[in-house]
Each structure stands twice: as C-alpha cells, then as structure tokens.
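Structure, as structure tokens:
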Amino acid sequence: MDQRTVSSVIAGRPVAGAPGGRIRSTNPARLDEVVADVALGDATLLVTAAQVASDAQRAWADVPAPVRGRAIAHIGRLVEDNKQALAALVTREIGKPYPEALGEVQEIIDTCDFFLGEGRRLYGQTVPSEMPDKQLFTFRNPVGAVAVITAGNFPVAVPSWYIVPALLCGNSVVWKPAEYSAATAAAFHELFCRGGGLPPGVFNVVYADGPTTFAGLEQALDAGLIDKVGFTGSSEVGARIGELAGRHLQSACLELGGKNPMVVTASADIDLAVEGALFGGFGTAGQRCTSLGTVICHESVHDEFLTRFAEATAAAAVGDPFADVLYGPMLDIRFSERFERFLAWIGPQHKIMGSSGIGRITAANPRARFAGDPEAGIFCHPTIVDGVRPGDKIFDQETFGPLVGVTTYRTLDQAVELANAPGYGLSSSIYTSDASEAFRFRRGVSAGMVSVNNSTSGAEAHLPFGGNGKSGNGSRQSGQWVLDQFTRWQALNWDYSGRLQKAQMDVAELTPDHDFRL
Ligand code: NAD
C-alpha cells in the first residue's frame, strides 16, 4: 500500500520541515499500516497561511462570480472522476465502510453541483426608495479570509460544505483538517487546487494539533488576518472557538456535537424504526454528529422494539470496512479510548444488550460474525443501554461511538421533553403513522433537523444543516442558507435627484380620508 508524506500547503507550495512535530496517520482497521506521515505546523505557520490567504483574497473576489462558478464545476467533475480512489482513501484512513465513503464523496459532488450555478446567481436586489430619483440596491460581498477547522469523521463531505461556498462567494480559505485524516485532506486539497485552477494562496491547508490551532487562530485574529471562522467539532472546543471569535466581534459558524433522539410512537412501523435505529445508531460506528443517541419509545411498544432492535444489532456484521459490514473500526485510537470512558457511565440500573461483549472487540472479547481480524484494528462492540433517564450521563451527553440508549414515554409532550432534555439540538427523528404527532413533534423539538419515518442521519446537500443549543449557535450550512455565512449584505442607495433628499423627512405623504364609511 502506498504511504504518503503530507505537509501543509501555503500559497501553492508544500511547507518544508515540521515545526509542530510529525505524526503518523494509520489505518484504524490495520494499525500496522501507515497511511501517511504527517508534518505538523506550529502557530506561526497558521498565521503565515492566514496572511497569504488575506493577501490573495481581493484578487480572487475580483474574478467574476460566474468564472468562480466554473471553477467549482470543474472541481466537481474532477472529484467525480476520482470518486472511487478518494472513497477508498477515506475507508483506509478513517475506517468508514466503503459504500458510505462513496456517499461521503458524492456529497462533495452534490455540493459542487449546487454551487456551480450560484456563481451565475449570487443575487442582490433592487429595492424601491421612499423618494423619487433615488434607487436602492443590495449586494452580497465576500467576507474575506476564512479559517475552516474540521473534525475527521466526515473528512471530505463536511469540509466541502464550507470550502465550496466560501470559494464560490469570493473568499480565500485556510483549512485545518483533523490530524488523523490528513492523507484524505491532502487528496481533497489537491483535487480542488488542480481541478479548480485556483490561484496560489486562495486555498491553503495547514496540519496542526488542537492547541496549536487555537494559538495560531488567536494570533491571526489579533492581527486582523481572518474574517470568519468555520468550526466543526465537539461542543466543548466549539464553545471556546465561539468565545474567541466573539472577542474579535465575529460570529463563528459552529457545527458541534449531537445527542440525537428518535421517538418511536405507538403507531410506528417497528421494522422501519429498527432499521433506522441500526443505521442511525451504529453506522460509522456511531461516530457521526447525527448518530442516534437515545431511542424514546412509547411504553406500549418498548418491549417489542427493544427485542427486535437487540436481535438486529446482535446479527449485524461488524469489521473490515471494505467488507459488507454495518460498521468498521473507530476513527482513531483516541476515539476508542474515549469510548471506554463513556462505557464506564453505564450503571447498575441499566440493561445492556446488542452484542456478546462491550468495549473493544478482541480474541478474548469476541463478536460473532466479525469480518476480519479484530486484533488488527480498533473495533468496538455495539452496545444498547436500556433504562437510561435524564440525570444519567449516558442520557445527557454525546457518547461518540457505537452506543444507543433506550428510554420510554407515555405522552407525546413527555417524548418532546425527553428529546430536548440533554440540551443539544442537531438532528431528531420520529416514527409514526399519525400526521398530527409528526407535526407536534416538529414544533416542540429543539433540533435543527427533523426526520419523519427516517433515521437521524442522512442529510441531503441542499437542505439547511445545523443545530441549536450545544449543537451550534444557529448557523446553517448547505444550500442557499450557507451563503449568509460567507457573504455580508451591503446596502447601496443612489440619489440622482441632484439635491439632498433626507430619508424619513423629505418623504411625500398622500392624504387619506379615514372618516370614509360605506
Ligand atoms: P474536536 O473538537 O476535538 O476536534 C475537531 C477539530 O478541531 C479537529 O481538527 C481538531 O484538531 C481541532 N481542535 C481540537 N481542539 C482545538 C482547539 N482547542 N482549538 C482549535 N481547534 C481544535 O472534535 P472530535 O472529538 O475530534 O470530533 C468529533 C466531534 O465533532 C463530535 O462531537 C461530533 O458530533 C462533532 N461533529 C459535528 C458535526 C456537525 O456538523 N455538527 C460534524 C462532524 C462532527
């Protein structure tokens, strides 16, 4: 297998040396396979990248938007032509099953397809003035140089949600991907720069660890080199990024963690709900921001749902992500170690189901129907925890990994209350055949995204994506909605009357007859 050396790329040139040290990005399904040697940058390198992006931005904004749209079109086609190769790299580097990795790459293509036409739209408005011989207009202006920091569980789809519209709108970018998906990030960056023919400095990539990134970002903000921050990652780090941006009078685009509820009502199609829970809870080993957190089951169907869900989970294939499996390894060793800490939250009041063991799958802690050699990588048992309630950490907090809680409710109001209780608000789902229940749930749930008779995962590239509460600050990605993240509205008024007409004061008033009656 090929192993590449990955370095930051600033102004179109790979950075020599590794001021932040070197790490190895390994295949989590075969830990002895190194996917990339990664040279990390330091805070100064991030500032340099921000300076370069800032310098390059104005010329990029001068490229007509339809021409930038053509660049996005070419990028989309090049990604399409390299779809299998990029998906295979995603599977090798973070262990996402290959069919899901293909879907992940498709999301870049879909995003490019959406935004290539936006280059010919990017509409402003003409607005009537309250005075004669005066015209009002609005324009969308690019924000400037954008810093994008992303997690590695969606190593190319989520970055494309930022980078495609940011570039299309005339911004320049400094991207800081997750360290453990660096080879995938390098391939993405190369496809964008080559496919788009982007001028040097418009799209830069810097590899760095978290604390270094924070220090570099702070310095770049202090120096006025970054005009917008996009951050996808944990709620904890997101809060710090939001605070940092706020101190610089900026509002970051924050896409954070989730504790996504799925309500199974008395009228639900249980087979469908089980299928949705399996995919939502355990797909990508439960390491999606939209992964199912807790199933909130009507008490009349709890036993039936739980039995079938536990059977389906026990029967599911886990293992080699290139084989036909429900899920593969954890993204990286740090996630399996953290998952062990989440498992310690399971208490005596809880009932565990779904597998022949919990925690790491090994020869001594085996899993039936495992595809491949569990000891070669970092694989974890799927775990269903029945009987979770508010106040249990396992109910209240995101447990990034293959773990699904189950609880019960009696009235729909209680279900909504339970759905909102953890304080996140990313995705949610309800299984019901009663339209009024679906709409009452939609209205009450705090989530930015609601699925009816569908799992909590599976966003389409042209609907607003984003969360509330601990899941984000209300920013939305995707479709037309993300344009408000990467442009600022500018209002223009043009008076051609040849005199000073004062708004609110020099405005003609017609005389109404308020006493008129029929
Ligand atoms: P994380 O917050 O630890 O890391 C995310 C990114 O931020 C990485 O690139 C990391 O290097 C960087 N980072 C870490 N500490 C930093 C700091 N102090 N300053 C600046 N950058 C820092 O997140 P994680 O645990 O690696 O990723 C999983 C989390 O991301 C989960 O909570 C998941 O739900 C969330 N996520 C959210 C979305 C979404 O769209 N809402 C999508 C994917 C993942």
Side-chain angles (χ1 to χ4, degrees), residues 20 23 25 38 40-41 43 46 94 96 104 107 147-162 174-182 184-185 205-221 226 229-245 252-260 284-293 330-339 341-342 397-401 422 424-427 447-449 456-457 459 461 463-478 482 485:
I23 55 161
S25 172
V38 188
L40 298 179
L46 242 140
I94 63 149
K96 188 171 281 203
E104 161 114 19
E107 198 139 341
V148 176
I149 302 166
T150 49
N153 58 339
F154 283 94
V156 288
V158 165
S160 79
W161 292 352
Y162 286 108
V174 176
W175 178 32
K176 207 303 282 179
E179 305 90 297
Y180 57 87
S181 60
T184 307
V205 60
V206 174
Y207 304 97
D209 65 24
T212 303
T213 304
F214 195 89
L217 181 65
E218 186 166 28
Q219 289 171 30
L221 284 163
I226 290 294
V229 183
F231 175 82
T232 294
S234 60
S235 305
E236 193 190 356
V237 177
R240 293 190 59 208
I241 298 284
E243 199 181 332
L244 178 63
C253 177
L254 298 176
E255 304 293 343
L256 312 177
K259 186 72 181 175
N260 308 296
T284 318
Q287 300 164 110
R288 301 182 187 126
C289 50
T290 53
S291 287
L292 169 60
M330 303 300 280
L331 302 164
D332 182 72
I333 193 86
R334 77 185 73 177
F335 294 99
S336 64
E337 287 168 1
R338 194 171 69 178
F339 186 59
R341 295 200 288 277
F342 298 147
Q397 295 189 31
E398 182 181 37
T399 49
F400 205 65
Y424 292 81
L426 188 59
S427 185
M449 296 172 287
T456 52
S457 288
L463 256 196
F465 184 101
N468 306 313
K470 287 194 263 178
S471 297
N473 57 353
S475 50
R476 293 292 179 265
Q477 297 189 290
S478 293
V482 76
Q485 295 296 323

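Every number for a ligand or one of its atoms is a count from 1 in the order of the listing.
- When the heavy-atom distances from atom 7 (O) of ligand 1 to F214, F231, W161 are ranked, the shortest goes to F231.
- In this structure, P177 has a heavy atom closer than 4.0 Å to ligand 1.
- Test W175, W161, Y162 against T150 for side chain to side chain donor-acceptor pair (under 3.5 Å) and you get one pass: W175.
- Distances shorter than 4.0 angstrom occur between a heavy atom of R338 and an atom of ligand 1.
- Under 4.0 angstrom from ligand 1, there are no non-hydrogen atoms of E236.
- Here the side chains of T212 and L40 are not in contact, with every heavy-atom distance at 4.5 Å or above.
- Contact between I241 and ligand 1 is present, with at least one heavy atom of the residue lying under 4.0 Å from the ligand.
- The shortest contact between atom 10 (C) of ligand 1 and any protein heavy atom is with K176 NZ, 3.8 Å.
- The N/O atoms of N153, backbone and side chain alike, include none that comes under 3.5 Å of an N/O atom in ligand 1.
- At a heavy-atom cutoff of 4.0 Å, ligand 1 is contacted by the side chain of V237 but not by its backbone.
- Just one residue in the list E104, K96, M330 forms a side chain to side chain contact (heavy atoms under 4.5 Å, CB included) with T284, and that residue is K96.
- Protein heavy atom nearest atom 18 (N) of ligand 1, with residue, atom name and distance: R240 NH1, 3.6 Å.
- Ligand 1 is never approached by G467 to a heavy-atom distance shorter than 4.0 Å.
- When all heavy atoms are compared, the tightest approach of I94 to S181 is CG2-CB, 3.9 Å.
- With hydrogens left out, the protein atom closest to atom 35 (C) of ligand 1 is G233 O, 3.2 Å, a heavy atom.
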What pairs of donor and acceptor atoms, side-chain ones from residues 463-472 against any protein atom, are under 3.5 angstrom apart with sequence neighbours left out?
unit_1 : atom_1 : unit_2 : atom_2 : d
N468   : OD1    : R476   : NH2    : 3.0
N468   : ND2    : S446   : O      : 2.8
K470   : NZ     : P422   : O      : 3.0
S471   : OG     : G257   : O      : 2.6
S471   : OG     : G425   : N      : 3.0
S471   : OG     : L426   : N      : 3.3

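- For atom 32 (O) of ligand 1, the nearest non-hydrogen atom of the protein is E398 OE1, 2.7 Å.
- When the heavy atoms of G210, G216, C289, P211 are ranked by distance to atom 20 (C) of ligand 1, first place goes to G210.
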